[in-house]
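Down below is the structure, laid out as structure tokens.
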Amino acid sequence: MSSSVERRRPLKRIGILTGGGDAPGLNAVIRAVVKAAASCSCEVIGLEDSFDGLIESNRWRKLTPRDVTGILRIGGTILGTANRGNPFAAPIQTSGGSRDYSERCVEIFHELTLDALVVIGGDGTLGIAYEFHKLGIPLVGVPKTIDNDIVETTNTFGFDTAVSFATDAIDRLHTTAEAHHRVMVVEVMGRNTGWIALYAGVAGGADVILIPEIPYDLAKIAERIRARDALGARFSIVVVAEGAKPVGGSVSLVKAAGGEYVERLGGVAARMTPELETLTGKEGRTVVLGHLQRGGSPTSFDRILATRFGARAVELLMDGEFGTMVAFRPPDIVAVPLEKVVGRTRTVPLDFDVVRTARAMGISLGD
Ligand code: F6P
């Protein structure tokens, strides 16, 4: 049997890009890819601002191990990112007729003499990667998002950092809530899934956790708050996911989808706080954690996951396992076909252990 080294294809130059909203750990993946590639004598080209780096021919730079020294602990991405601009969506007019940007990306990929790509992103970016894979571009995807909503992987990097930040915020809100006997309604991100709200809510000892997967009933929430008052705990912490909605109602939007932009969720906490005040007779305050959840240094868990993802992505490329995504199946990092990932969202299962644990702790899920 041939050794894995013999099986490897001689990739000499690979590109790397980061797409979608940033998440803590992106730089850790970039660093891992550059270092792992260097140990296979492979050069890495950093493409700037997601697929823009493949649309304009001067938006790239060589990344050596020296260039990635010290970025493990830094949030954001040294390559820049964008969560708009699908190269397959926008046609450009040329003398040869209407073309989409994807053809241009393929041209630049070859102009840069790249052998393969590492595409780090969430559902949107991985969907674009899959389209390029179908066009014959050798690539591997790396799942990123604080929302933790990518299927086939138990964790995306960035999630643990967002949960840690939100937990710390909830801890801080406890003291002021208790001092003023208030209801604090904390809105967290997560898009249409409740992973951040559920984990941060349980870790922070919230009294009510509202997630998109379980439509809420304000009367039930008010009941829980009044029951706490009756016990002498005259304050309550409500953690609400930005995508949560009332029974029979709709999500709260800052902006509807339009053009190349997806809808922007937000405002659910501000919407429900006065209603809870009326129902409970208590004073309420709203706190929106927003983009703070995406900032800061990645936790050690996210650093390790991101580093393992990056190293494994290079290994998969060298082994010719293209069109795959690295995924965490504890304790292993495995490869799953991108085909199984795109177009799907990993929501919180209603019978999930953490949901049942929350109920066992007496936390109201608003139903
Ligand atoms: O997907 C990550 C995320 O932070 C979501 O939780 C949130 O809904 C969205 O991105 C916000 O996007 P933007 O940075 O465009 O406001």
Side-chain angles (χ1 to χ4, degrees), residues 17-27 29 49-52 75-77 79-86 89 119-129 141-151 153 155-167 169 186-201 209-213 239-245 250-271 286-296 298-299 302 305-306 325 341-348:
L17 63 85
T18 52
D22 70 318
L26 281 169
N27 283 326
V29 180
D49 299 333
S50 189
F51 290 97
D52 287 7
T77 159
L79 291 175
T81 188
N83 55 5
R84 38 119 210 100
N86 179 345
V119 177
I120 313 168
D123 51 356
T125 307
L126 294 172
I128 296 169
V142 179
K144 159 249 56 161
T145 169
I146 63 165
D147 304 334
N148 208 34
D149 61 354
I150 310 273
V151 296
T153 182
N155 283 77
T156 54
F157 68 86
F159 172 63
D160 187 65
T161 308
V163 168
S164 297
F165 174 80
T167 303
V186 191
E187 181 174 314
V188 299
M189 282 184 165
R191 222 181 274 278
N192 297 112
T193 65
W195 296 102
I196 299 177
L198 182 64
Y199 275 66
I209 301 173
L210 305 174
I211 62 176
E213 293 83 351
V239 176
V240 57
E242 60 180 357
K245 51 184 176 301
S250 55
V251 291
S252 180
L253 289 182
V254 173
K255 206 168 179 193
E260 53 181 340
Y261 291 93
V262 296
E263 68 181 14
R264 278 178 59 205
L265 294 163
V268 62
R271 187 171 75 181
T286 298
V287 179
V288 180
L289 299 186
H291 290 79
L292 291 168
Q293 293 159 98
R294 297 221 307 243
T299 58
D302 278 339
L305 185 63
M325 180 191 84
V341 174
V342 299
R344 295 170 62 203
T345 303
R346 182 168 172 262
T347 52
V348 177

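Atoms within each ligand, like the ligands themselves, are counted from 1 in listed order. In this chain, numbering begins with 1 at the start of the sequence shown.
- Applying the side-chain contact (heavy atoms from CB on, under 4.5 Å) rule to Asp22 yields the partners Leu26, Thr81, Arg294; only residues at least two apart in sequence or on another chain are considered.
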Output block, N or O contacts of ligand 1, threshold 3.5 Å exclusive:
from	atom 1	to	atom 2	distance (Å)
ligand 1	1 (O)	Asp147	OD2	2.6
ligand 1	1 (O)	Arg191	NH2	3.1
ligand 1	4 (O)	Arg294	NH1	2.8
ligand 1	6 (O)	Asp147	OD1	2.7
ligand 1	6 (O)	Gly190	N	3.2
ligand 1	6 (O)	Glu242	OE2	3.3
ligand 1	8 (O)	Glu242	OE1	3.4
ligand 1	8 (O)	Glu242	OE2	2.5
ligand 1	10 (O)	Arg191	NH2	3.4
ligand 1	10 (O)	Arg294	NH1	3.1
ligand 1	14 (O)	His291	NE2	2.9
ligand 1	14 (O)	Arg294	NH1	3.0
ligand 1	14 (O)	Arg294	NH2	3.0
ligand 1	15 (O)	Asn83	ND2	3.0
ligand 1	16 (O)	His291	NE2	3.1

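- Partners of Asp147 by salt bridge (Lys or Arg N to Asp or Glu O under 4.0 Å), not counting sequence neighbours, listed by chain and number: Arg191.
- Using a 4.5 Å heavy-atom threshold, the side chains of Thr193 and Ile211 count as separate.
- The side-chain contact (heavy atoms from CB on, under 4.5 Å) search around Ala162 returns Ile146, Ile196, Gln293, not counting sequence neighbours.
- Between Phe51 and Thr125 the shortest side-chain heavy-atom distance falls below 4.5 Å.
- For the pair Val262 and Asn83, the minimum side-chain heavy-atom distance is 4.5 Å or more.
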